[in-house]
Undergrad: 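Okay, here's the structure, questions in a sec.
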Amino acid sequence: MRIASVYFQSDEVVELARSMVGMQLHSLINGQHCSGFITETEAYAGINDRASHAFGGRLTKRTKVMYKAGGITYVYLCYGMHYLLNIVTGSEGNPHAVLIRAILPLVGKEIIQHRLTKEKLLSIHTDGPGKVCKALGINMLHNGISIDSHEVWLEMADKPFEGTILSYPRIGVHYAGADALLPYRFSWKET
DNA sequence: ACACCGATTATCT
DNA sequence: GATAATCGGTGTA
């Protein structure tokens, strides 16, 4: 069952991030359909969050997509070589986003294996936001597209998933001062 | 097991 | 000129 873009137009970005663990992330790129079970997300809470690209209301060519109404993608290049995928959330003008950090491949495992390793054995858990984009074939061409599209979308799992969700501080945001300690990362734990 | 480092570019100072 | 929401390889243990 697909999740409609309007679902992400709430300003409760932290709760949205938690709710996205266990959803399925799908891509249909170059005719190749892949998906994965989302196991890790992070909330970036708008202009008051020092870790967010939109902190202080920063509005650049890169960040402007975050200010649109929720339910679209925000893809950007990190460390000059990795694409990172976020789902923009919140009402228009509120630049919230949820970073998708890790998935378990479901559909198109062979395609994902090829994209990630060009032959070597695929690790079970696609962990790390750069690898998520690489696995699903996502790049800057997929920035700012609606999750109501047929390129990138989210689905609810058929059945409730096993396990629990734990929260932790976010990764790689040491520059954010006290905000680096906020428990805005959500991770699925098998039981 | 863990520490270090190079790759590579948009963005900001 | 420095930094960054990272990753994979290499080195030491």
Undergrad: Taking only N and O in the side chain of A/H53, is any of them less than 4.0 Å away from OP1 or OP2 of C/dA5?
TA: yes
Undergrad: If only side-chain N and O atoms of A/K134 are considered, is one of them under 4.0 Å from the OP1 or OP2 phosphate oxygen of C/dC7?
TA: no
Undergrad: Would you mind telling me which of C/dA5, C/dT6, B/dT11 lies closest to the side-chain atoms of A/T60?
TA: B/dT11
Undergrad: If you draw a 6.0 Å radius around CE in A/M1, do more than 12 non-hydrogen atoms from other residues or ligands fall strictly inside?
TA: no
Undergrad: I'd like the C1' distance from B/dA10 over to C/dG8, given in whole Å.
TA: 22 Å
Undergrad: For atom CZ of A/R50, decide whether the heavy atoms of other residues, nucleotides or ligands shown that lie under 6.0 angstrom number more than 12.
TA: no
Undergrad: Distance check needed: C/dT6 P versus A/E42 CD, whole Å only.
TA: 7 Å
Undergrad: Report the distance from atom CG of A/N139 to atom C1' of B/dT9, rounded to the nearest whole Å.
TA: 15 Å
Undergrad: Check every atom of C/dC7, B/dT9, C/dA5 against the side chain of A/C78 and return the nucleotide holding the closest atom.
TA: C/dA5
Undergrad: For A/G128 and for A/G80, find the nucleotide of DNA chain C with the closest heavy atom, then tell me which residue's nucleotide is more 5'.
TA: A/G80
Undergrad: Quick one: label A/L99 by what it contacts on the DNA or RNA (base, sugar-phosphate, nothing), any heavy atom closer than 4.0 Å.
TA: base
Undergrad: Looking across every strand, which nucleic acid part, if any, lies under 4.0 Å from A/R62 by heavy atom: base, sugar-phosphate, or nothing?
TA: sugar-phosphate
Undergrad: Is there a side-chain contact between A/R58 and the phosphate of B/dT11, meaning an N or O under 4.0 Å from OP1 or OP2?
TA: no
Undergrad: Please indicate whether A/Y74 has more than 12 foreign heavy atoms, meaning atoms of other residues, nucleotides or ligands, lying under 6.0 Å from its OH.
TA: yes
Undergrad: Measure from OH on A/Y79 to P on B/dG6 and round the result to the nearest Å.
TA: 15 Å
Undergrad: For the side chain of A/K61, starting at C-beta, report the closest nucleotide among B/dT8, C/dA5, B/dT11.
TA: B/dT11
Undergrad: In whole Å, what is the span from the CG atom of A/L182 to the P atom of C/dA5?
TA: 15 Å
Undergrad: Apply salt bridge (Lys or Arg N to Asp or Glu O under 4.0 Å) to the pair A/E42 and A/R101, showing each step before the final yes or no.
TA: CA-CA 7 Å; A/E42 281 178 1; A/R101 289 195 60 85; 3.5 Å; yes
Undergrad: Rounded to the Å, how far apart are A/H96 NE2 and C/dA5 P?
TA: 18 Å
Undergrad: Only pairs with both distances under 3.5 Å count, Watson-Crick or wobble alike; so what is the partner of C/dA5 in this structure?
TA: none
Undergrad: Rounding to an integer number of Å, can you tell me how far A/L116 CG sits from C/dC7 C1'?
TA: 11 Å
Undergrad: Atom NZ of A/K131 and atom C1' of C/dG9: how far apart are they, to the nearest Å?
TA: 13 Å
Undergrad: Using 4.0 Å as the upper bound for N to carboxylate O, is an ion pair formed by A/E92 and A/K68?
TA: no
Undergrad: Which listed nucleotide (C/dA4, C/dC7, B/dA10) is nearest to the side chain of A/H82?
TA: C/dC7
Undergrad: Donor-acceptor pair, distance only, cut-off 3.5 Å: does the side chain of A/T117 make one with the backbone of A/H114?
TA: no
Undergrad: Starting at CG of A/N86 and ending at P of C/dT6, how long is that distance when rounded to a whole Å?
TA: 11 Å
Undergrad: It should be established whether A/Y76 places a side-chain nitrogen or oxygen under 4.0 Å from OP1 or OP2 of nucleotide C/dA4.
TA: no
